[in-house]
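The model shown is predicted, which means the values in this text are computed figures rather than measured ones. So that the names make sense, note that chain A is the first sequence line, chain B the second, and so on, each numbered from 1.
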2 protein chains.
Amino acid sequence: MHKDTTDLPTGNAPPAASPQPRRARLREAAFTEIKAIARRRLVEQGAEGVSLRAIAREMGMTAPALYRYFASLNDLLLSLQADFFAELSAWITDANTGVPEEDVDGRLLASLRAFRSWALANRAEFALLFGPRPPHQPSGPHEEAALREGQRFASTFLTLFNRLLEEDRIPLPDSGSFTPELCRQLEQFARSAGIAGRHSEGELRVLTACWVRLYGLVCMEVFHNMVFGPDDMEPLFEAELADLLASVGVRYRPPEG
Amino acid sequence: MHKDTTDLPTGNAPPAASPQPRRARLREAAFTEIKAIARRRLVEQGAEGVSLRAIAREMGMTAPALYRYFASLNDLLLSLQADFFAELSAWITDANTGVPEEDVDGRLLASLRAFRSWALANRAEFALLFGPRPPHQPSGPHEEAALREGQRFASTFLTLFNRLLEEDRIPLPDSGSFTPELCRQLEQFARSAGIAGRHSEGELRVLTACWVRLYGLVCMEVFHNMVFGPDDMEPLFEAELADLLASVGVRYRPPEG
DNA sequence: ATGCCGGAGTTAACGGTGTTTGCTAACATT
DNA sequence: AATGTTAGCAAACACCGTTAACTCCGGCAT
């Protein structure tokens, strides 16, 4: 590498005049164009189809130029991960607009369905976020961004249950029966999700259980391994959703559409 | 391709003398050596580390020679998938030796734990079987073998519940409340798992629910995405296992070890 | 206005990959 | 012994990630 000048885009571009940003704007535009093309190729051809040379070719450039923007191919993928996590978070919170603040059940239903709908509408992106990771590739500066957005997603997702927990409607398991190892794992989970110290062990236990079930349900549908053909399995999702919600004291409602 | 002579190994080698098999034995040996090296590389370096050139180099051959055995790299991976499915099936049934035939609870517990233990001991293999698939790679003659073994695994897995169902201990959901779409999906699931026509809709509903939960639990642990550090999450698995088993009327028992 | 510096982009190169084509040489069969 | 089959080879094509050295031009300070 020439220098270590793969600066990250600021994200919050100051609305200054034109003197400085001229250069910066072009750089920002290049960033977004690279990522847009990378995403399209990811969707069309899977993770293997994302190659620096192909992206550069499509932009009318040569591959080494991209190293001005990303430290490596893996770094680009990490940057995409960060974007996807942010998009998923926004998608879920957006699904709650229109649902009244007091309708806790409705908000939870909408959020869980939104998670699934985003995953189905963005299968390749979902696979990149939640699929198996190859062992420790040469990472880059965007690794922490991906981690940060991932944590932010986990946090916003789990916060959905806060109102529910406050209302004491969830039948909490007897935390006295938890093994010490389980408690330690639950604490670690809370830490990695950015909600450390805010919940009791019983609450964490319920949160993880819900998350695991939702994750499994959606993974099975998105990766569509060994089960069900190409057509969607919404009925099973809804049925499982009802069962899952019953375990947290939320009464199921069928989707509106 | 020169010809279409990528014959599959017979598997059941006839114990004939030496005239014919001389050639066939060498071929069989080459097959297994290729797959052994491929698996080692898969484990050590992930799916990306499996390359025909590297395998050939390691065998003291050149890459094109491997096309005498596999139609493509993807075909080799499919062949590995078939082997892994068979190994996983055997691993699960082996876990039941030593558990008396009448101890239905014990057999189920042992089987579910065996699924997890195989996945943890063979993370890369598990990811190949149950991880996301890239869209329609150029497949090969081993595709149907992989599919067949996958079905066989699904069948053996779901058959575990047969005794349980016969004893009518599982509280079945009211199948009258199922939507027609759900019933259709359940039938399709049974068909793709090779157990079509053998169970009622209520039973299929319970089977899929169990499978989805186990799948999600193990996927989350193996792909270790966004949750938990490197250390194992057995306590959570056992806790979820207890909860899952309770839903099918099986009383939980802690592992022996 | 001049000079300079740094960033964006280039070409060339190294080593790696899947895959195809045509060939040789050993084997099996007749 | 002549035949046909088959495993393996070398060469080639088209890709890939990554590095190094170089050019060029815009923005900045003198």
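Residue B:Arg198 comes nearest to B:Ser155 through the heavy atom pair NH2-OG, 4.4 Å, listed as atom of the first residue, atom of the second, then distance.
Atom CG in A:Leu66 sits about 9 Å away from atom P in D:dG17, given to the nearest Å. Across the protein-nucleic acid pair, B:Leu77 atom CG and C:dT17 atom P stand 14 Å apart, rounded to whole Å. Taking atom CZ of A:Phe31 as the reference point, atom P of C:dG9 lies 11 Å away to the nearest angstrom. In this structure, B:Asp75 atom CG and C:dT20 atom P are separated by 12 Å, rounded to whole Å. Across the protein-nucleic acid pair, A:Leu76 atom CG and D:dC16 atom P stand 14 Å apart, rounded to whole Å. In this structure, CZ of B:Phe70 is placed 14 Å from P of C:dG18, rounded to the nearest angstrom. Atom CD in A:Glu48 sits roughly 17 Å away from atom C1' in D:dA14 (whole-Å rounding). Spacing between atom CZ of A:Arg23 and atom C1' of C:dC5 amounts to 11 Å, rounded to whole angstrom units.
A side-chain N or O of B:Trp118 and one of B:Glu87 form a donor-acceptor pair less than 3.5 Å apart. In this model, a donor atom of one side chain and an acceptor atom of the other lie less than 3.5 Å apart for B:Ser111 and B:Asn96.
At the phosphate of D:dC16, OP1 or OP2 sits under 4.0 Å from a side-chain N or O atom of A:Arg57. The phosphate of C:dA8 has OP1 or OP2 within less than 4.0 Å of a side-chain N or O from A:Arg27. Distances shown here put a side-chain N or O of A:Ser51 below 4.0 Å from the OP1 or OP2 atom of D:dC16. Put simply, A:Thr62 has a side-chain N or O that comes within less than 4.0 Å of OP1 or OP2 on C:dT10. At the phosphate of C:dT20, neither OP1 nor OP2 sits under 4.0 Å from any side-chain N or O atom of B:Tyr67.
The residue A:Ala30 sits apart from the nucleic acid: no heavy atom pair falls under 4.0 Å. Residue-level contact check: A:Gly60 touches the backbone only, with heavy atoms under 4.0 Å from sugar-phosphate atoms and none from bases.
Under 4.0 Å is where a charged nitrogen must lie from a carboxylate oxygen, and between B:Glu240 and A:Arg213 no such pair does. Between B:Arg184 and B:Glu181 no salt bridge is recorded (no basic side-chain N to carboxylate O distance below 4.0 Å).
Taking the side chain of B:Ala65 as heavy atoms from C-beta on, and the options C:dT19, D:dG8, D:dT18, the nearest nucleotide is D:dG8. The side chain of B:Arg68 lies closest to D:dA7, out of D:dC9, D:dA7, C:dT19.
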Protein-nucleic acid N or O pairs under 3.5 Å, nucleotides 12-14 of chain C:
from   : atom 1 : to      : atom 2 : distance (Å)
C:dA13 : N6     : A:Arg53 : NH2    : 3.4

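Counting only heavy atoms from C-beta outward, the side chains of B:Leu77 and B:Phe70 never approach each other to under 4.5 Å.
By the 6.0 Å and 45° rule, B:Arg116 stacks over the aromatic ring of B:Phe237.
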